[in-house]
Amino acid sequence: MNRRRFLTFLLAAMASTAISWACTSLIAAKGATADGSTMITYAADSHTLYGELYSQPAADHPAGTMRRVVEWDTGKFLGEIPEVPHTYATIGNMNEHGLTISESTWGGRPELEGTEGIIDYGSLIYITLQRARTAREALDVMTGLIRDYGYASTGESFSIADPTEVWIMELIGKGPGQKGAVWVARRVPDGHISGHANHSRIHTFPLDDPETIYSPDVIDFARSKGFFKGKDKDFNFSRAYAVYDMGALRGCDARVWSYFNKMTEGGLPQYLPWAMRGEGETMPLWVKPSRPVTVDDMKWMMRDHFEDTPMDMTKDIGAGPFAVPYRWRPMSYTVNGENYVHERAIATQQTGFSFVSQMRSDRPDGMKGLLWFGVDDANTCAYIPIFCAVTTPPYELAPGNGDMLTLSWDAMFWVTNYVANQAYNRYSQMIPDIRKVQSSLEDAMALAVNAADKAVPSMGREEAARYLQDMADHWAAKVTRDYKALGDRLLVKYLDGNIKKENPDGSFARTPEGMAVSPVFGGYNQEYFDNIVRHTGDHFKERPVPQK
């Protein structure tokens with residue numbers, strides 16, 4: 001391993017304010033899921049991204065209308081492109097047809113960063129959602145936008161899904177002086193799962209398969225730059241255009257491995273050397289799960305910290321006395337001249353928003369797409385149901401209700417942070433309280449979705465739209481209200497390092513006189529005390545006091 005390059009990569013990645021440096025997208029194709037849906041996930045991880053739900057109404061545009069292109073990460077104006085006659089309604093990363101797009105950035109060879117175009121990766125997603133109905137249409141729109149207006153970001157992976165198909169597309173710019181990009185897209189086979197997490201995942205690919213498409217110059221351009229020598233059939237997109245180091249593997253591919261490992265009987269230990277050290281057999285782009293994947297499986301994978309694997313973040317010494325599966329940035333550190341890193345799991349504290357997108361071909365149009373949407377850390381959020389018929393973000397998720405520097409107790413992002421940031425200090429003690437509320441809410445919302453599945457098909461279009469909008473508004477308000485109450489309860493229960501005693505009904509215990517019962521002293525685990533003695537010797541040892 002090149003330690004200097006690894007350290008440089010991690011420092012640049014984690015210091016960047018760009019949203020995409022830490023995103024994860026997991027995939028379950030049709031035939032791999034319990035209900036016949038397609039599913040993709042997304043964690044928009046960032047130290048500066050505020051968690052809110054974006055939307056655009058459907059609209060008709062007169063000839064000559066221009067659309068402003070603004071870089072998603074920075075708000076920088078990049079240029080204008082002609083608008084199309086009609087654009088579709090979008091809610092989050094989904095549109096009214098149930099098309100959903102997510103991403104993760106892998107950077108790639110720095111000399112290929114897009115500098116000549118005006119379409120950044122975020123604009124590519126949201127413009128495409130307004131213009132495409134299906135995944136295949138989205139591929140046409142995305143590659144057309146890049147061809148006509150140029151690419152303005154670094155190497156990127158996209159999950160592109162509709163109710164019947166899921167595709168992975170990877171692309172990278174051509175560097176200074178060249179406007180376009182080179183790219184390849186593959187359809188995830190029915191019955192399989194896949195994913196990407198900030199590292200290019202498409203290696204070799206068939207050159208004559210209708211379910212694999214690519215830019216005409218994807219191989220020749222690599223040859224012209226000296227990135228590839230060999231026969232066309234041996235061309236490896238990832239090896240040609242991505243940067244390989246421990247950051248790309250243990251920091252990125254390991255997240256996908258954890259998903260594959262959990263969804264296959266007996267796990268996939270044969271790919272663990274690849275995930276941890278870049279050794280052994282290359283991890284495949286997709287695998288077949290041992291059992292049908294449920295939407296709950298996907299939610300809990302978004303909460304993964306490598307539990308029950310060699311990288312389990314609750315078990316190493318960095319977890320401290322409260323088994324905290326989080327490590328504060330920076331990700332790298334040096335001891336005695338040697339460089340080390342923290343693990344980087346799917347769930348992380350600095351997340352703007354995340355979702356599990358569930359697309360169902362057997363539902364009415366307004367219900368084909370279902371966005372289970374959450375804000376802040378996926379591990380501690382509650383995912384609320386947002387159907388593709390929803391046109392207005394609930395107030396608690398609406399842009400303008402607070403921001404990263406303005407606290408709003410009516411904003412779901414802030415109350416979820418209120419809960420999570422208390423748990424980060426005493427995780428093993430507080431997480432059971434959080435799980436109780438989180439699971440109760442998500443169970444209730446699942447029942448509400450089941451009820452909607454039965455009730456909505458018999459409704460007229462307008463009545464159905466009102467029903468689904470009201471449903472989103474109700475649950476956003478309830479989750480926000482319940483999480484504020486949960487945060488208050490955590491503050492009271494765990495005040496000053498103590499743990500208040502509770503009655504069977506959950507109320508706090510009082511003496512007959514109405515005073516608080518003496519609390520439990522939660523203390524620390526045994527490993528904590530062992531380490532104190534290991535580092536301080538007899539410094540704190542109790543000794544007999546001489547008697548005079």
Side-chain angles (χ1 to χ4, degrees), residues 1 3 6-7 9-11 13-15 21-22 24 43 45 47 197-199 245-262 267-280 283 300-351 377-380 420-432 434-435 497 522-537:
M1 143 188 169
R3 291 184 181 275
F6 177 33
L7 184 59
F9 171 87
L10 280 175
L11 289 175
M14 298 310 161
W21 267 119
T24 303
D45 299 331
H47 297 271
N198 305 121
H199 183 52
D245 52 29
M246 281 276 288
L249 299 168
R250 188 157 178 167
C252 300
D253 270 10
R255 285 176 261 160
V256 180
W257 173 82
S258 189
Y259 173 45
F260 287 179
N261 187 61
K262 284 251 176 52
L268 291 174
Q270 66 269 37
Y271 301 121
L272 185 58
W274 171 267
M276 294 188 73
R277 299 180 298 277
E279 299 173 357
M283 189 168 67
W300 285 102
M301 278 312 310
M302 296 304 288
R303 295 164 174 153
D304 183 65
H305 299 106
F306 295 119
E307 284 86 353
D308 302 318
T309 77
M311 293 173 279
D312 191 332
M313 295 176 70
T314 68
K315 299 292 177 62
D316 69 67
I317 191 64
F322 301 112
V324 179
Y326 296 93
R327 306 293 181 268
W328 309 134
R329 275 44 179 170
M331 290 288 287
S332 58
Y333 53 98
T334 302
V335 177
N336 298 326
E338 294 291 333
N339 297 326
Y340 299 85
V341 296
H342 295 304
E343 303 290 7
R344 167 51 165 107
I346 294 173
T348 186
Q349 63 273 19
Q350 68 281 346
T351 299
D377 187 346
N379 181 48
T380 46
N421 276 269
Q422 293 186 72
Y424 295 152
N425 296 313
R426 293 161 66 189
Y427 185 81
S428 60
Q429 293 178 354
M430 292 191 186
I431 194 63
I434 297 172
R435 291 285 185 252
Y524 304 95
N525 63 13
Q526 186 59 45
E527 186 177 25
Y528 178 82
F529 299 122
D530 293 343
N531 281 324
I532 290 178
V533 175
R534 188 176 301 117
H535 285 278
T536 65

ask   = Is the shortest heavy-atom distance from the side chain of T309 to the side chain of W257 under 4.5 Å?
value = yes
From R534 atom CZ to T536 atom OG1, the distance as rounded to the nearest 0.5 Å = 10.5 Å
query = Would a distance-only check, ignoring hydrogens and angles, find a side-chain to backbone donor-acceptor pair under 3.5 Å from R327 to V341?
reply = no
request  = Say whether, by atom type as modelled, one donor and one acceptor occur between the side chain of N261 and the main chain of L268 under 3.5 angstrom.
outcome  = yes
Interatomic distance, Y424 atom OH to D377 atom CG [nearest 0.5 angstrom] = 3.5 Å
query = Is there a side-chain contact between R255 and H199 (heavy atoms, below 4.5 Å)?
reply = no
ask   = Distance only, no hydrogens: is a donor on one side chain within 3.5 Å (strictly under) of an acceptor on the other, for S258 and D304?
value = yes
ask   = Can D316 and H342 be said to form a side-chain contact (heavy atoms from CB on, under 4.5 Å), step by step?
value = CA-CA 10 Å; D316 69 67; H342 295 304; over 6 Å; no
query = For the residue pair A275 and A254, what are the closest heavy atoms and their distance?
reply = CB-CA, 3.8 Å
N/O donor-acceptor pair under 3.5 Å between R426 side chain and Q422 backbone = no
key: Over all atoms of both residues, closest heavy-atom pair of A345 and M313   = CB-SD, 3.5 Å
message = If I compare all heavy atoms of M311 with all of L272, which pair ends up nearest, and what's the gap?
response = CE-CD1, 3.8 Å
key: C252 to A197 - nearest heavy-atom pair and separation   = CB-O, 2.8 Å
inquiry  = To the closest 0.5 Å, what do you measure between CE (M331) and CZ (R344)?
reply    = 7.0 Å
ask   = What are the two closest heavy atoms between E307 and T314, and how far apart are they?
value = OE2-CG2, 4.4 Å
request  = Starting at CZ of R435, measure out to CG of N379 and round the result to the nearest 0.5 Å.
outcome  = 4.5 Å
key: Gap separating the OG1 atom of T380 from the CD atom of Q349, nearest 0.5 angstrom   = 10.0 Å
Least distance between heavy atoms, N339 atom then T334 atom = OD1-OG1, 3.0 Å
ask   = If we only count heavy atoms from C-beta on, is the E343 to R250 side-chain gap below 4.5 Å?
value = yes
query = What's the spacing between F322 CZ and N425 CG if we round to 0.5 Å?
reply = 9.0 Å
query = Quick one: do the Y524 and N531 side chains pair a donor with an acceptor below 3.5 Å?
reply = no
inquiry  = Students often mix this up, so state it plainly: with edges at 30° and 60°, are the rings of H305 and Y326 parallel, tilted or perpendicular?
reply    = perpendicular
